[in-house]
Amino acid sequence: MADVDSSFLPSPSADHRHIAVAQFERANQVISKGDYDYGIRLLLSCCKLDPGNLIYRQALRRTEKTKYKNNLRGARLASMSNMTTKAKVKSAKRGRDYAKVLELGEVVLSRNPWDVSTQMDMAEAADALGMLDLAVWTLEQARQKDPNDTTLNRALARLYEKRGNFTQAIGLWEFVRRAIPTDVEAQHKAKDLAANETILRGNYEDVVGASAASAADTEEEAGEEAPTSDGRTAAHPAEVSFADQRLLREIAPLKARIEQSPTQVSAYLQLAQIYRRADRFEQAREVLQEGLGPTGNSFELMIELTDLEIEPFRRNLNMADDKLKTAPADDELRRIRIRLLKEINTRELDLFRQKSDRFPTDMSYRFELGVRLLRGGQIDEAIRELQATRNDPRNHWRSLLYLGYCFKQRNNWRLAQRNFEEALAALPPAEDAPRKEILFQLAQGCAEAGELQKAIDLGSDLANLDFGFRDIGKLLDEWQERLQQADV
């Protein structure tokens, strides 16, 4: 039989997503009561229905490890009972049926969630399917069993590099280099990635890193409170910065609430938000992960954790944008920016899809999902989401604007023009920036459709607001010249 190249993963239908959400909720209920076997079966079904959803796999892996009491080997005789399924995993991988690799791999991991070779096969399949986030997470899970495995560290370092996580990649390549001093690839990669990281980091992260280290040292000193010879403690409020004192005052009552009522979701969320506002992202992540067990894998905590994971990429994007202002001709920096934009959109697409599936009547989530679908090139699905939100007063004109972009990408100018015009008519008076953008889109579209007089009229309205907006003055001259030539 010829190999079937399954190099893409079809999006699950709306029905499949809704079924998966319902099964996920049921899984959380039974797991909280200690019924791990039934919970694992439900979560396996969720992963099969919606294979691109990382939250389902994370919940599944946590449950599996809890079931086996983190023994690092899984069920008794797991290696023997998994032999046939692992052979099927290898066969599916050879046949490039990557979706099947993920499906069968989860069956293996349900008996031994620390099976390194299966997780490496699954990571390779996820990467081939364009699911880089899943690939990275899978190898990170595999490292818990054997963090010294150079083959595993090499594979994860390559994925980190592909995702733009240069610092993590450098650390792993250094680990490989120390383990195998003669490894030429590890020697070169560490140097090359350090140069790439400097492009984004510059002096900015040096300053931030120094400040964070100083703040951490201060907090550590404040928390030790070692007694002195006169009975006082070594740490005094005066020795801690005003910002850290305020942070400690804010977190203390929330930590007390969590200790008294560990199943209360709101306390974890509030504490994580305080850490996040203070740029203590690692501490925020620890709080959210800590709350998953007591709250039965709360949806709110998992969503907040997912959003938190995107934050480093958003910050790198801001730094890249700042650098481009001073070095607009830097092609390497532009390539990094494009990769970051794609990574952020992919992650946010998954985030808002989960939110809209969980809260289908909240039109703000569906609007944000539609925008990410448009950015990801899934135009028809974006149109469906945005048409569902255009009657919502909060998202009315914005939905019309993005529908205009959608139909323009589908080369349907008549529908694009209609939505742009309706967006312009519904635009609040104070929205100057969107007004200029809509006028530009209408003027440019009319010119491309041969409606030069209308393009000139719209362009003149825009030039009256901002003559320098996207070279509208130059475009008006070109359209005037074309109109005059047509009249001759």
Side-chain angles (χ1 to χ4, degrees), residues 43 47 54-75 78-79 82 86 89-90 93 98 101-102 104-129 131-181 183 185-187 189-190 193-194 197 281-283 285-286 288-290 292-293 302 305-306 308-310 312-313 343 347:
L43 291 171
C47 294
L54 181 55
I55 282 184
Y56 296 157
R57 296 185 190 274
Q58 290 172 332
L60 175 60
R61 205 71 73 248
R62 279 193 300 271
T63 307
E64 291 164 344
K65 291 178 180 179
T66 301
K67 174 185 174 180
Y68 297 116
K69 299 179 181 179
N70 290 298
N71 63 10
L72 298 181
R73 61 180 183 276
S79 59
N82 274 334
K86 289 184 71 171
V89 170
K90 295 293 185 184
K93 180 181 163 187
Y98 300 121
V101 172
L102 295 178
L104 292 170
E106 290 295 358
V107 176
V108 173
L109 297 181
S110 68
R111 303 186 189 107
N112 178 12
W114 296 276
D115 190 304
V116 173
S117 64
T118 298
Q119 290 180 94
M120 290 190 69
D121 288 337
M122 292 174 69
E124 186 177 337
D127 185 31
L129 290 168
M131 300 160 64
L132 185 56
D133 192 33
L134 174 59
V136 168
W137 175 79
T138 302
L139 291 189
E140 288 174 342
Q141 293 291 301
R143 284 195 81 234
Q144 294 177 6
K145 174 66 179 289
D146 189 2
N148 299 319
D149 187 326
T150 54
T151 302
L152 174 58
N153 287 328
R154 186 189 305 274
L156 183 53
R158 288 169 177 159
L159 290 180
Y160 276 145
E161 177 185 357
K162 187 174 182 179
R163 196 168 68 169
N165 291 21
F166 298 131
T167 302
Q168 294 94 323
I170 290 170
L172 288 179
W173 282 120
E174 282 293 332
F175 194 100
V176 174
R177 186 186 63 79
R178 287 195 298 270
I180 311 176
D183 193 301
E185 182 185 20
Q187 295 173 5
K189 282 290 186 181
L193 290 175
E197 184 192 28
F281 296 109
E282 190 58 40
Q283 288 166 290
R285 184 180 295 107
E286 290 173 0
L288 295 169
Q289 289 175 335
E290 175 192 342
L292 289 174
M302 287 190 289
L305 189 58
T306 302
L308 185 66
E309 297 289 349
I310 308 174
F313 297 96
E343 183 70 28
R347 288 166 172 260

Under the side-chain contact (heavy atoms from CB on, under 4.5 Å) test, which residues partner [X], sequence neighbours left out?
X: Ala59; value: Phe24, Leu43, Arg62, Asn297
X: Arg143; value: Pro147, Leu152, Asn153, Leu156, Leu172
X: Leu72; value: Trp114, Lys145

With sequence neighbours left out, what residues match [X] under salt bridge (charged side-chain N to carboxylate O under 4.0 Å, His left out)?
X: Glu64; value: Arg61
X: Glu286; value: none
X: Asp149; value: none
X: Lys162; value: Asp127

List the residues meeting side-chain hydrogen bond (donor to acceptor under 3.5 Å, both in side chains) with [X], not counting sequence neighbours, and say none if there are none.
X: Gln58; answer: none
X: Arg111; answer: Asn82
X: Arg285; answer: Glu282, Glu309

Rounded at 0.5 Å granularity, tell me how far [atom1] in [X] sits from [atom2] in [Y].
X: Lys65; Y: Asn70; atom1: NZ; atom2: CG; answer: 7.0 Å
X: Cys47; Y: Leu54; atom1: SG; atom2: CG; answer: 9.5 Å
X: Ile180; Y: Arg154; atom1: CD1; atom2: CZ; answer: 5.5 Å
X: Thr150; Y: Asp183; atom1: OG1; atom2: CG; answer: 8.0 Å
X: Arg347; Y: Thr306; atom1: CZ; atom2: OG1; answer: 9.0 Å
X: Ile170; Y: Arg177; atom1: CD1; atom2: CZ; answer: 12.0 Å

**OP:** Return the set of residues passing ring-ring contact (aromatic ring centres under 6.0 Å, His included) with Tyr160 (not counting sequence neighbours), or none when no residue passes.
**Re:** none
Specify the closest pair of heavy atoms between [X] and [Y], including all atoms of both residues, with the distance to one decimal.
X: Ala135; Y: Ala123; answer: CB-O, 3.4 Å
X: Thr138; Y: Gln119; answer: CG2-O, 3.2 Å
X: Ser110; Y: Val107; answer: OG-O, 2.5 Å
X: Val116; Y: Ala142; answer: CG2-O, 4.0 Å
X: Trp137; Y: Arg57; answer: CH2-O, 3.5 Å
X: Ala169; Y: Ala157; answer: CB-O, 3.6 Å

Any side-chain heavy atom of [X] sitting closer than 4.5 Å to one from [Y]?
X: Gln141; Y: Met122; result: no
X: Leu102; Y: Leu134; result: yes
X: Ile310; Y: Leu308; result: no
X: Tyr68; Y: Arg73; result: no

Original post:
Could Glu161 and Arg158 be called an ion pair, given the rule that one side-chain N must be under 4.0 Å from one carboxylate O?
Top reply: no
Subject >> Pairs meeting criterion salt bridge (Lys or Arg N to Asp or Glu O under 4.0 Å) with involvement of residues 112-124, two or more places apart >> reply: Lys86-Asp115, Lys90-Asp121, Lys93-Asp121, Lys93-Glu124
